[in-house]
Amino acid sequence: MTLSAQHEDAARIRADLITAIILIALGLAVTYLSWTMDRLAVRRIHPATIPGLVPFVLGVALTLCGSLLAFRSWKLDTKAGGVALLNLLLSWQTIRVVTVAALALVYTLGLVGRMPFWLASALFVFAFIVLFETVLADRPANLVRTLIWALVVALVAGVGVNYVFGQIFLVRLP
Amino acid sequence: MFDGLILLGQGVAHFITPSGLFNVAWATLLGLTIGILPGLTATMGVALLVTLTYKMAPDQAILTLMCVYLGAIYGGSRTAILLNIPGTPANAAATLDGHPLAKQGKAGLAMGLATTSSTLGTLVGIFFLAIIAPVLSEAALKFGSYEFFWLALFGVVVSGQMTGSDTPLKGYIAGIIGLLVAMIGMETLHAHQRFTFGIPALVGGIDLIPAMVGAFGLAEILSTMKRTAIANIAPVNDRVVPTFREIFQYWKTIIRSGIIGTFVGIIPGVGEDVGAWSSYAAAKKLSKNPEEFGKGSQEGLIAAETGDNAVVSASMIPTLTLALPGSAAAAVLIAAMMIHGIRPGPMLMIENAPFLYQVVGMLLLATLANLIFGLSLTKVFIKVLSVPRERLMAVIYVLCVIGSFAITQRMFDVYVMLVFGIVGFFLREMKYPMAPLVLGIVLGDLLDLNLRRGLALTNGDPTPFFTRPISAVICLIIVFTILMSIPAVNRRVRSLFARNRGAVPAKS
């Protein structure tokens, strides 16, 4: 196993431990909400068919699985796991992922619905290409070339998608 | 018997029209392109394309989606061979021998072998689909709430067990999360709202298509853009079309892999990647030259590609007869069928018998198109690989937004896609499989409704769940599956089997 793979495994084990705690919390919350869910006693519903039955079982199952995962991760966890996870969270890869997520959020929550769909899409595509081909690229491309390509792709995608879906396939766009 | 053959003939003939063939051509090409581009999966392609087929006639819409599905699973082998990166997760096993063959200067031959074995794998799956589906459909008519409850649970448990690459525990967790997502909204027995927290948009529950577009679309985009470097494309200088002899010498491997793929396809929610790996493992175990596996074995490549494509056709068996998806992409197909007014399940053979044979016809045409395009458009598909992902992924995300919005025209579904995309990415990064999650969403209502309906029928007595013959068998399989995922039990059972196997000759 390579050193980076070992670091990745250590980071994942620590991440598993954190996730397992979240899953236990989620499982307990679901169990509680299912337990306190309306039993529909007024409608004389049989206790075996109450709406909370399956969610309750699932909540318990999630808590159990989360606990087993926590135990497994705790057994495998090493001191280096925390450092490896922190390094992973501060890596170049994370920056790229956060950038995609941020662009997607800005486009979906901020642009779509506030301006024509083709324009919102074109702006998103343009920003995406420029950022990933220059600032976030391993070997940044020529800026002018990237800007021209980004503009062309953005306009073709924005207008094209709008036309194909909106006009040809008669799909309503956001 | 003859009724079936007549319906089969009619099913194939139904699509041999200019519009039908046109749809087969463009959808297969699109599917191949999706498969070839790393970062785009068959499930994502099918989920995104549901939007495009929204206004089509139901049969043509499903034909289109089927061609994309089959094309994408096959197309991913190109990337596996030329880049050493599986185009879709189903082609991961094909990288083991496909890329070494390409490095030996046999990229063309490897692609040709992958194409023909994919075709043959699909044909094996189609054969079993045509034979098993009507029988299973008839048997399923005898199933009651008890059997359907266990079947739903069986799908989630087995899918969790077989797809959890790190530990089966993660597969089970993904399945439980999927089932919990299905609990959101108004339940069907008493029309009571669960986990809606007063949000009106949640009353209708979480739609499968936006969830799938998020989990397989945005999550894929995030995974693809995380990587910084892309491998070099292997050159193709040799012939692509294999000789009859080159294929025929592996006929045993092809039939075996086809049958393994079919078996995997019938199990709900397991999917093509498991089909490919199981076929590959079996071929290696039974091969005369196991030492060549992983170094450019033609047999290994054929086994992997036959196995995953057989799963595609076979996954239609539970999908059509029980409404239990055989793979993640089949889950989207169920949603698409529902949108187009086709109700898969035991009643399909009664309500719409020709449709089953139309599906067989769709698969046959899609396979034929794959074979023709796969062998003739090699250079074109290699060009597809040179499309920069920075440009492609941006456009794909725009399609994700449209795909989520278009079905019900609610921005809420777009937000669902976003949440599933981001959560799906984190789960995937931590090795949680997506298939059980999807299956949980699809089967949640079936499980919930049938458990409570069954209990209502017996006034709260759970005995029939364990005493009815089919129920008891499925229940035992589930228990065995769960027990086998416990390492200590697994080791014990394996050693017991090994000891018994060793003891038999000694006694005789």
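Chain naming here is simple, since letters A, B, ... match the order of the sequence lines and numbering starts at 1 in each.
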Return the option, out of B/Val414, B/Ile422, B/Thr51, B/Leu218, with the maximum number of heavy-atom pairs under 4.5 Å with chain A.
B/Thr51

From the list A/Val54, A/Leu33, A/Thr49, the residue making the most non-hydrogen contacts under 4.5 Å with chain B is A/Thr49

Could you tell me which of B/Leu451, B/Asn459, B/Leu189 has the largest number of non-hydrogen atom pairs under 4.5 Å with chain A?
B/Asn459

Exercise: identify the closest heavy-atom pair between B/Leu222 and A/Val97:
CD2-O, 3.6 Å

Counting only non-hydrogen atoms closer than 4.5 Å, does B/Met411 touch chain A with its backbone (N, CA, C, O), its side chain (CB onward), both, or neither?
side chain

Looking at chain A, which one of B/Gln409, B/Glu187, B/Met393 has the largest number of heavy-atom pairs inside 4.5 Å, strictly under?
B/Gln409

Using every non-hydrogen atom in the two residues, find where B/Cys400 and B/Ile221 come nearest and quote the distance to one decimal.
SG-CD1, 4.3 Å

Which class fits the ring pair A/Phe124 and A/Tyr107: parallel under 30°, tilted 30 to 60°, perpendicular over 60°?
parallel

Less than 4.5 Å to any heavy atom of chain A: does that hold for the side chain of B/Leu399, its backbone, both, or neither?
side chain

Toward chain B, the part of A/Ile50 with a non-hydrogen atom under 4.5 Å
backbone

Contact part of A/Leu23 toward chain B, heavy-atom cut-off under 4.5 Å: side chain, backbone, both or neither?
side chain

If you tally heavy-atom pairs under 4.5 Å against chain A, which of B/Met417, B/Arg194, B/Met56, B/Arg453 wins?
B/Arg194

Contact leader toward chain A among B/Val395, B/Leu455, B/Val398, where contacts are heavy-atom pairs under 4.5 Å:
B/Val398

Closest non-hydrogen atoms of B/Pro436 and B/Gly171, given as atom of the first, atom of the second and distance, are CB-O, 3.5 Å

Do NZ/NE/NH1/NH2 and the carboxylate oxygens of A/Glu133 and B/Arg391 come within less than 4.0 Å?
yes

Given that the side chain runs from C-beta out, which part of B/Lys55 has a heavy atom under 4.5 Å from chain A: side chain, backbone, both or neither?
side chain

Residue part contacting chain B, namely of A/Arg72, when any heavy atom lies under 4.5 Å
side chain

Quick check on A/Leu58 against chain B: is it the side chain, the backbone, both or neither that has a heavy atom closer than 4.5 Å?
both

Using the benzene-type ring in the case of Trp, are the ring centres of A/Trp118 and A/Phe165 under 6.0 Å apart?
no

With a 4.5 angstrom heavy-atom cut-off, is it the side chain or the backbone of A/Thr99 that approaches chain B, or both, or neither?
neither

Relative to chain B, which segment of A/Arg172 carries a heavy atom at a distance below 4.5 Å: side chain, backbone, both, or neither?
both

Contact class of B/Met225 relative to chain A, heavy atoms under 4.5 angstrom
both

Can we say A/Asp16 and B/Lys431 salt-bridge, meaning some charged N sits less than 4.0 Å from an Asp/Glu carboxylate O?
no

Give, as side chain, backbone, both or neither, the part of B/Phe197 having an atom under 4.5 angstrom from any heavy atom of chain A.
side chain

Please classify the contact between A/Ile45 and chain B as side chain, backbone, both or neither, with a heavy-atom cut-off of under 4.5 Å.
side chain

Aromatic rings B/Tyr146 and B/Phe465: how do their planes relate, parallel, tilted or perpendicular, breaks at 30° and 60°?
perpendicular

Segment of A/Leu40 engaging chain B (4.5 angstrom heavy-atom cut-off):
side chain

Proximity breakdown for A/Ala104 and chain B, heavy-atom pairs closer than 4.5 Å
both

